[in-house]
Amino acid sequence: MNVLVVGGAGYIGSHCVRQLSAQGHQPVVVDNLVYGHRGAVAKGVPFYRADLENEKAMGAILTKHRIELVMHFAAYCYVGESVTAPLKYYKNNFAAPLNLLEAMLKAGVKKFVFSSTCATYGVPERMPLTEDHPQRPINPYGESKLDLENALKALARSDGLSFAALRYFNAAGAAADGAIGEDHDPETHLIPLAIAQVLGQLPRIEIFGADYPTPDGTCLRDYVHVDDLARAHILAFAKFQKPGTQFFYNLGTGTPNSVREVIAAVEKVSGKKVKVKLSPRRAGDPPALYADNQKAVRELGWKIQYPTLDSIVETAWNWHCTHPKGYEDKK
């Protein structure tokens, strides 16, 4: 299919673009490069630097490339920033995609894959998290994602839009061949921060809270490889056979790993000691977040190819060692 990938120069979007091409689809990328990298998009893939607010531009791209399906990755995702700058998040994560959806409907494009998040669940009532868990987000980031999920439901009823909302847990790792990987500014993810420390780019990393009710006192999270996430997106295409269908899937390995376990995995792969500093808990960090992924496994036929933390960290280590400054062509 001809697939428009919005946010296709970002971390997860760029990995999905590569897999689309490998599977015979024709991706087209739109990204404003606020956080994405032009160097993450392979040569030969049509690329447009544009904002979703420009509905006319989106409509022209949809028509020119005869787009059949749209994948949306163009969200801001810093939880702390969403609390201090909520308008930024509601504008970009909710209002801007509405312009895209309006342009899609005018162009007759009614298939949509949405990059959602486990942050829509808020503070978990039970573990592991299933798709029917109550959605009560506790920050504007999660709220903006849930708002768009609700808008998609309404459009499925009113206009026959078919969509899948994929609720990620902790995306991690890099392409197996080391061609693309994780390059955020600022970087907040644990694995790249730990790797940056052993590469001498940081004096130490912080462990926020070592007194949680978990086996080693640190938070438990579900780390899922970025290429496994990308595969699930493409598998969702097969679900859009009837107009107005809607699907929701948790994407995680289902295996929780602690902060200390992540640090130990980086030490094992790198052969170097990670220097850490113990700090107080951060507000809003639940002790554990991990997925029940059986719905995606059962309905999509999703098979995780990176089931262990070590296998995920190895790909991240390869990327950061060969790209210590990230993408040379930052934009």
Can you name the nearest heavy-atom pair linking S258 to D216, along with the distance?
OG-OD2, 2.5 Å

Roughly how far apart are E314 CD and K268 NZ, rounded to 0.5 Å?
8.0 Å

For the residue pair A236 and A164, what are the closest heavy atoms and their distance?
CB-CB, 4.1 Å

Distance from E299 atom CD to K239 atom NZ, nearest 0.5 Å?
5.0 Å

Hey, could you give me the CZ/CG distance between F240 and L69, rounded to the nearest 0.5 Å?
6.0 Å

Could you tell me whether D211 and R281 have a side-chain N and a carboxylate O separated by less than 4.0 Å?
yes

Please answer whether the main-chain N or O of K277 pairs with a side-chain N or O of E206 as donor and acceptor at a distance below 3.5 Å.
no

State, yes or no, whether a side-chain contact exists between S82 and S144 at a heavy-atom distance under 4.5 Å.
no

For H225, is there any backbone N or O sitting under 3.5 Å from a side-chain donor or acceptor partner on Q305?
no

Between D222 and G254 the two heavy atoms that sit nearest each other are OD2-N, 2.9 Å

To the closest 0.5 Å, what do you measure between CZ (F112) and CE (M104)?
6.0 Å

Which of these passes side-chain hydrogen bond (donor to acceptor under 3.5 Å, both in side chains) with Q135: E149, K145, E143?
E149

Side chains of S115 and Y168: donor-acceptor distance under 3.5 Å anywhere?
yes

What I want to check is whether the side chains of Y89 and E81 have a donor and an acceptor closer together than 3.5 Å.
yes

Student check: side-chain heavy atoms of V224 and N293 closer than 4.5 Å
no

Hey, mind stepping through I234 and Q19 against side chain to side chain contact (heavy atoms under 4.5 Å, CB included) and telling me if it holds?
CA-CA 8 Å; I234 299 170; Q19 292 199 27; 3.7 Å; yes

Taking C-beta and beyond as the side chain, do P140 and V83 meet within less than 4.5 Å on heavy atoms?
yes

Under 3.5 Å, is there a donor-acceptor pair between the T130 and D132 side chains?
yes

Looking at M58, is its backbone amide N or carbonyl O close enough to the side chain of Y48 to form a donor-acceptor pair, meaning the two atoms are under 3.5 Å apart?
no

Shortest non-hydrogen contact between V113 and L166, atoms and distance:
CG1-CD1, 3.9 Å

Nearest heavy atoms of P46 and P27, plus distance in Å:
CD-O, 3.5 Å

Between the side chain of Q26 and the main-chain N/O of V3, is any donor-acceptor distance below 3.5 Å?
no

Side-chain heavy-atom pair H323, D183 within 4.5 angstrom cut-off:
no

Check: V262 main-chain N/O paired with N257 side-chain donor or acceptor under 3.5 Å:
no

Taking atom CG of L100 and atom CD of E53, what is their separation to the nearest 0.5 Å?
10.5 Å

If you group Ile, Leu, Val, Met, Phe, Trp and Tyr by side-chain heavy-atom gaps below 4.5 Å, do V79 and Y223 land in one group?
no

Ring centroid separation for F247 and F114, is it under 6.0 angstrom?
no

Report yes or no: does S162 contribute a side-chain atom to a donor-acceptor pair with the main-chain N or O of Q241 at less than 3.5 Å?
no

Less than 4.5 Å apart, any side-chain heavy atom of Y212 and any of D285?
yes

Passing candidate, side-chain contact (heavy atoms from CB on, under 4.5 Å) with F237, options E68, K111, H25:
H25

Between V109 and L4, is there shared hydrophobic-cluster membership here, with clusters defined by ILVMFWY side-chain heavy atoms closer than 4.5 Å?
yes

State yes or no: do L98 and V30 share one hydrophobic cluster built from I, L, V, M, F, W and Y residues joined by side-chain heavy-atom distances below 4.5 Å, directly or via other members?
yes

Any donor-acceptor N/O pair, E131 side chain to N250 backbone, under 3.5 Å:
yes

List the steps and the verdict of side chain to side chain contact (heavy atoms under 4.5 Å, CB included) for F47 and V17.
CA-CA 11 Å; F47 176 84; V17 168; over 6 Å; no

L148 vs N93 side-chain heavy atoms within contact, under 4.5 Å:
no

Of F73, W302, F163, the one forming a ring pair (Phe, Tyr, Trp, His ring centres under 6.0 Å) with H233 is F73

Hydrophobic cluster membership, with links at side-chain heavy-atom distances under 4.5 Å among I/L/V/M/F/W/Y: are V6 and M71 in one?
no

Give a yes or no on whether the backbone of A9 and the side-chain of D31 come within a donor-acceptor separation of less than 3.5 Å.
yes

Straight-line distance of Y121 OH to S116 OG, nearest 0.5 Å
8.0 Å

Spell out, yes or no, whether I312 and V226 are grouped together once hydrophobic residues are joined by side-chain heavy atoms under 4.5 Å, including indirect joins.
no

Whether the side chain of N2 engages the backbone of R66 through a donor-acceptor N/O pair (distance < 3.5 Å, no angle test) should be reported.
yes

Heavy atoms only: give me the nearest G173-T315 pair and the separation to one decimal.
CA-OG1, 3.4 Å

Working note: W319 + I195, criterion side chain to side chain contact (heavy atoms under 4.5 Å, CB included); need CA distance, chi angles, decisive distance, verdict.
CA-CA 10 Å; W319 157 256; I195 291 174; over 6 Å; no

Donor-acceptor pair, distance only, cut-off 3.5 Å: does the side chain of E187 make one with the backbone of H189?
yes

Output, in order, the C-alpha distance, side-chain angles, deciding distance and verdict of side chain to side chain contact (heavy atoms under 4.5 Å, CB included) for T308 and V313.
CA-CA 9 Å; T308 67; V313 170; over 6 Å; no

Centroid-to-centroid, Y76 to Y35, below 6.0 Å?
yes

Is there a side-chain contact between V70 and L62 in this structure, where contact means two heavy atoms from C-beta onward sitting under 4.5 Å apart?
yes

Heavy-atom check, side chain of C321 versus side chain of L199, under 4.5 Å
yes

